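What follows is a short report on a single structure.
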Amino acid sequence: MKKEARYLVPNDFMADPSVHVYNGKLYIYPSHDWESGIEENDNGDHFNMKDYHVFSMEDINGEVTDHGVVLEVENIPWAGRQLWDCDIAFKDGKYYMYFPLKDQNDIFRMGVAISDKPEGPFIPEANPMWGSYSIDPAILDNGDGNYYMYFGGLWGGQLQRYRNNKALECAVLPEGNEPALCPRIARLSDNMLQFAEEPREVLIIDEDGKPLTGGDTERRFFEASWVHKYNGKYYFSYSTGDTHLLCYAIGDNPYGPFTYQGVILTPVVGWTTHHSIVEYKGKWYLFHHDSVPSGGRTWLRSLKVVELEYNEDGTIKTIEGQ
Ligand code: FUB
């Protein structure tokens, strides 16, 4: 389906939007792209982001307020480089920002920063979360007092360097009929600052119950986890990375397994595709990005929103990215 999308921040480059409704407003937590001069490579070194802004809106067609810089690499005690996609959770009057950042050994870890307000500023903890690795945290508030972090990303996201939560000597990417690498999930501790359990694999299976394979690049997980609930089901959505699709799979509980359903968004202009799905004032929206305004420069991306619709059976109507 071809649909009209709206660019949200035309005067700057923002990507990877995580969107939540707090106090009746939409709050957008994106990555902040900039021209750092680093050459494009498969390791993602050109995504050399150094701060986050927060944006809010009271109406999907209304003004977008920029709340300014809310967290910077230079203020994070354990920082190396590259602030990638973040997400937020609210609990007991505090807002927790979870962000992936390379440490001083160039290893991605998850950090936490805290604020009393959804618009920040966010104050970082002194150390990354114990046992954390890879990128793209997405937090599910399950509504029962439990919060879960989904995470992981291939290639520059370093997930192929781990098995069973331990670092490998050499990275291994499954190929052909080998089971694909899965995103990870861990319940968060009561104080929201650590994992409350060892991260587990989130299985994505096909219609016959078989795990998706590494060679199935049009369907297997690459990065950009997001989870939302619709009609009592859990929808796990993600990017297929090098095949540039946003896909989704449905499960009955936060841990899955999730059964592959189809494509939410066909490829956009730019290499990456990344999103969030949120309900606001009775409608559903897909927030995402593309590189049209920068003339296709993959590291300079622009935020967009488009309405997302379901079929009667709960499947999502595919949206054309271009
Ligand atoms: O923005 C940097 C990385 O690009 C994100 O973490 C990935 O999901 C991809 O969008």
Side-chain angles (χ1 to χ4, degrees), residues 9 12-19 28-36 38-53 71 73 79-88 97-103 106-111 128 132-139 149-161 181-184 202 217 220-227 236-248 264-265 267-277 286-294 296-304 321:
V9 184
D12 206 344
F13 295 111
M14 301 280 164
D16 308 330
S18 293
V19 180
I28 310 172
Y29 302 88
S31 306
H32 185 191
D33 288 353
W34 68 295
E35 185 60 88
S36 70
I38 294 182
E39 206 172 313
E40 188 169 7
N41 60 31
D42 284 351
N43 198 38
D45 289 331
H46 48 302
F47 295 111
N48 189 29
M49 295 84 101
K50 53 186 173 40
D51 63 28
Y52 293 118
H53 284 232
L71 181 65
V73 163
R81 60 180 182 136
Q82 295 182 290
L83 275 176
W84 284 13
D85 158 64
C86 68
D87 197 15
I88 300 284
M97 174 183 273
Y98 300 88
F99 57 89
L101 173 69
K102 282 181 180 163
D103 65 14
D106 236 21
I107 305 295
F108 269 116
R109 308 277 178 210
M110 301 295 177
S132 65
Y133 57 93
S134 200
I135 60 164
D136 288 0
I139 310 299
M149 181 189 288
Y150 298 80
F151 65 94
L154 307 188
W155 296 17
Q158 302 181 343
L159 189 63
Q160 66 279 5
R161 297 188 184 183
L181 284 183
C182 302
R184 306 291 196 262
V202 178
T217 56
R220 62 96 173 85
F221 171 81
F222 189 100
E223 62 186 5
S225 297
W226 185 258
V227 178
F236 178 79
S237 48
Y238 58 97
S239 163
T240 60
D242 53 348
T243 51
H244 318 290
L245 299 164
L246 284 181
C247 294
Y248 72 110
I264 298 173
L265 182 71
V268 294
V269 171
W271 199 95
T272 68
T273 185
H274 194 129
H275 68 299
S276 57
I277 295 170
L286 177 76
F287 288 80
H288 58 294
H289 66 232
D290 71 21
S291 296
V292 169
S294 73
R297 283 175 289 171
T298 55
W299 60 97
L300 295 178
R301 301 162 293 177
S302 295
L303 286 189
K304 298 175 86 173

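First listed ligand is number 1; within each ligand, the first listed atom is number 1. The first residue of the sequence shown is numbered 1, and numbering continues consecutively from there. Bear in mind the structure is a predicted one, so any value in this text is a computation, not a measurement.
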Which N/O atoms of ligand 1 sit under 3.5 Å from a protein N/O, and at what distances?
from	atom 1	to	atom 2	distance (Å)
ligand 1	1 (O)	Asp16	OD2	2.5
ligand 1	1 (O)	Arg301	NH1	3.4
ligand 1	1 (O)	Arg301	NH2	2.7
ligand 1	4 (O)	Arg301	NH1	3.3
ligand 1	6 (O)	Asp136	OD1	2.5
ligand 1	8 (O)	Asp136	OD1	3.4
ligand 1	8 (O)	Asp136	OD2	2.6
ligand 1	8 (O)	His274	ND1	2.6
ligand 1	10 (O)	Asp16	OD1	2.7
ligand 1	10 (O)	His274	ND1	3.4
ligand 1	10 (O)	Arg301	NH1	3.2

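Scanning for side chain to side chain contact (heavy atoms under 4.5 Å, CB included) contacts around Ser18 gives Tyr29, Asp85, Asp87, Trp226, with sequence neighbours left out. For Lys50, there are no side chain to side chain donor-acceptor pair (under 3.5 Å) partners at least two apart in sequence or on another chain. By the salt bridge (Lys or Arg N to Asp or Glu O under 4.0 Å) test, Asp12 is found to be paired with no residue, residues two or more places apart in sequence or in another chain being considered.
Between Arg220 and Thr240, the side chains place no donor N or O within less than 3.5 Å of an acceptor N or O (distance only, hydrogens not considered). Between the side chains of Ser237 and His275, at least one donor N or O lies within less than 3.5 Å of an accepting N or O.
Considering Phe221, Tyr133, Tyr238 in turn, Tyr133 is the only one that fulfils the ring-ring contact (aromatic ring centres under 6.0 Å, His included) rule with Phe151.
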